[in-house]
Amino acid sequence: MHLDQKVSLKTLHTFGMEVEARYFVEAKTHSEVLTLLNYRHMIHMPILFLGGGSNVLFTGDFKGIVIRINSKGIVIREEDQTHVHVTAEAGENWDEFVQYCVNQGWAGLENLSMIPGKVGAAPIQNIGAYGVEVKDSIESVQVVDISTGKQRRFTNAECQFGYRDSIFKRELKGKVIILNVTFRLRKIDESHDERISGLQGDKVAERSLLRLDYGDIREELENMGATVPTIRSVREAVCNIRRRKLPDPAEIGNAGSFFKNPVIDREKMELLQPVFPGMPFYPQSPASQSFKIPAAWLIDQCGWKGYRSGDAGVHTAQPLVLVNYGNSTGLQVLSLANQIMDSVYQKFGINLEPEVNVIS
Ligand SMILES: Cc1cc2nc3c(=O)[nH]c(=O)nc-3n(C[C@H](O)[C@H](O)[C@H](O)COP(=O)(O)OP(=O)(O)OC[C@H]3O[C@@H](n4cnc5c(N)ncnc54)[C@H](O)[C@@H]3O)c2cc1C
């Protein structure tokens, strides 16, 4: 392990701002992460753990030590006829791990294809896409406590997962390092070609567990000619849709959705609906006491889509994504985010909450 000084983070985070870390070290194995913790009492400066840097906004240089978690390894812990329990180290690339699971015929993560970042960060904000959240497949999360150096395994229930939320984003933020994550995935026999129609009995049941009802997945599968969907074709459909709809950070700096979709109560909903009859909403419980409102719609209604100030902007097709066209600073993006939050509050009385971690 090398401790380097004044390291540029430009290529290590997807917003691509030119910022540097005062000190930088990369932990390439589980034991290197633990070794670093042995020196924690000697480090009297802020510490930042970084995965793929796809959910952070740096407002300036980081005046402490950045520890990049890059530990690798995928191990099957347990397997029976229907399920596999597989542990992936925190530094595994998320999408490569999803691809690996799909190739093995393990279902559960295919709708989460092409989300940037590392496995270790996936539980932190309970990543989600196309009707699936990672919590649905997580069995446990292994962490090490930074102040005591003690390891602990959190069960799924102990992770307190919620919408883009978990205990690691709240009480334990900055207090633990996620070392690895264990997933429980369904085994699906995909020996049949997906274009063969007329699957019978349990094969139909297996396929019906695939989540196809969100977004344009069914339409994309039809366009692909995938009449009997498989985990492979669902992954391909999700990748196709994402390539069309989301800006590629390799071309335009961004961190995906900048804001969470707000959830409002029934009383607020009843006040807003007559004024904004076109407002989309999604009931959150069977009793429909709360409703999720698409933040993209709220931002669009305030006229922000495609807005640009200097090199900071709101994406032209997806108003939930704030972008760095090249030379924006983090403070400029943050200022834009604050203006958007203010205008949404002025118009709808709804508070938007950033999904991205602002690092100052
Ligand atoms: C184009 C694009 C599309 C995206 N689409 C989605 C989407 O569909 N759904 C979705 O949910 N998200 C999406 N995201 C957001 C992002 O990909 C996820 O939040 C991802 O899980 C972040 O992983 P990371 O490794 O890059 O985390 P980082 O950005 O490196 O870190 C995020 C936070 O986690 C902490 N952290 C990272 N690793 C560890 C660890 N091992 N232990 C302790 N703390 C750690 C960091 O300190 C930081 O606070 C998207 C981002 C982009 C750029």
Side-chain angles (χ1 to χ4, degrees), residues 9 12-16 21 26-27 30 33-34 36-37 46-58 62 64-71 88-98 109 111-135 138 141-146 154 161-170 172-181 214-215 238-239 241-243 245-261 315 317-318 320-324 354-360:
L9 299 174
L12 300 180
H13 70 119
T14 58
F15 255 121
E26 183 164 76
H30 187 111
V33 176
L34 299 178
L36 276 171
L37 281 188
I47 303 179
L48 174 71
F49 303 104
L50 197 62
S54 63
N55 200 22
V56 287
L57 175 70
F58 288 98
F62 189 72
I65 177 163
V66 170
I67 299 179
R68 188 164 191 243
I69 313 284
N70 219 3
S71 49
E89 290 301 310
E92 285 287 344
N93 175 287
W94 173 258
D95 190 53
E96 286 172 13
F97 175 62
V98 174
L109 304 179
N111 293 45
L112 304 177
S113 291
M114 258 184 89
I115 296 181
K118 308 272 184 175
V119 165
I124 295 178
Q125 73 152 3
N126 179 23
I127 56 169
Y130 297 96
V132 171
E133 290 180 317
V134 75
K135 74 170 172 55
I138 287 182
V141 176
Q142 176 87 15
V143 309
V144 56
D145 185 303
I146 294 161
F154 281 73
F161 289 120
Y163 164 61
R164 296 294 181 279
D165 197 29
S166 74
I167 193 167
F168 310 114
K169 207 171 174 180
R170 288 178 276 109
L172 297 183
K173 187 169 181 167
K175 294 190 176 146
V176 297
I177 304 176
I178 292 181
L179 294 172
N180 58 50
V181 184
Y214 198 92
V238 168
C239 290
I241 299 168
R242 290 184 71 101
R243 275 191 205 100
K245 292 202 166 166
L246 286 169
D248 179 355
E251 287 162 17
I252 307 177
N254 75 89
S257 303
F258 198 91
F259 303 101
K260 289 163 78 165
N261 290 317
H315 192 251
Q318 176 45 272
L320 205 45
V321 178
L322 303 192
V323 295
N324 168 19
E355 183 179 307
V356 171
N357 297 277
V358 177
I359 314 285
S360 49

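Predicted model, so just to flag it, every value in this text is computed and none were measured. Note that ligands are numbered from 1 as they come in the structure, with each ligand's atoms numbered from 1 the same way. Just so you know, these numbers use all the heavy atoms, side chains as well, and skip hydrogens, waters and symmetry mates.
Heavy-atom contacts of Ala121 reach the following atoms of ligand 1: 21 (O), 22 (C), 23 (O), 24 (P), 25 (O), 27 (O), 37 (C) (cutoff under 4.0 Å). Short contacts between ligand 1 and Gln125, defined as distances under 4.0 Å to a heavy atom of the residue, involve ligand atoms 10 (C), 11 (O), 12 (N), 15 (C), 18 (C), 19 (O).
A donor and an acceptor atom, one from each side chain of Lys118 and Asn70, are located under 3.5 Å apart.
Here the side chains of Phe62 and Val56 are not in contact, with every heavy-atom distance at 4.5 Å or above. For the pair Met114/Val98, no side-chain contact is recorded, criterion being any heavy-atom separation below 4.5 Å from C-beta on.
At under 3.5 Å, a nitrogen or oxygen of Pro116, whether backbone or side chain, sits near a nitrogen or oxygen of ligand 1. An N or O contact shorter than 3.5 Å is missing between Lys173 and ligand 1 by distance. Taking only nitrogen or oxygen atoms, main chain and side chain alike, Phe49 reaches within less than 3.5 Å of ligand 1. Ligand 1 has a nitrogen or oxygen under 3.5 angstrom from a nitrogen or oxygen of Gly52. At least one N or O atom of Lys118, backbone or side chain, sits closer than 3.5 Å to an N or O atom of ligand 1. Considering backbone and side-chain N/O of Gly51, one or more are found under 3.5 Å from N/O of ligand 1. An N or O contact shorter than 3.5 Å is missing between Asn254 and ligand 1 by distance.
With a 4.0 Å cut-off on non-hydrogen atoms, Ile127 touches ligand 1 through its backbone as well as its side chain. In Leu50, the parts holding a heavy atom less than 4.0 Å from any atom of ligand 1 are both the side chain and the backbone. The backbone of Ala255, and not its side chain, has at least one atom closer than 4.0 Å to an atom of ligand 1 (non-hydrogen atoms only; backbone = N, CA, C, O). In Asn55, the parts holding a heavy atom less than 4.0 Å from any atom of ligand 1 are both the side chain and the backbone.
With sequence neighbours excluded, no residue forms a salt bridge (Lys or Arg N to Asp or Glu O under 4.0 Å) with Arg243.
The shell of residues lying under 4.0 angstrom from ligand 1, judged by heavy atoms, excludes His13. By the 4.0 Å heavy-atom criterion, Ile359 is excluded from the residues contacting ligand 1. Under a 4.0 angstrom heavy-atom cut-off, Arg242 registers as being in contact with ligand 1.
For atom 7 (C) of ligand 1, the nearest non-hydrogen atom from the set Gly256, Gly128, Ala250 comes from Gly128. Comparing Leu12, Leu320, Ile178, Asn180 by heavy-atom distance to atom 40 (C) of ligand 1, the nearest is Ile178. One option in Ser54, Pro123, Ser71, Gly53 has a heavy atom closer to atom 15 (C) of ligand 1 than any other, and that option is Ser54.
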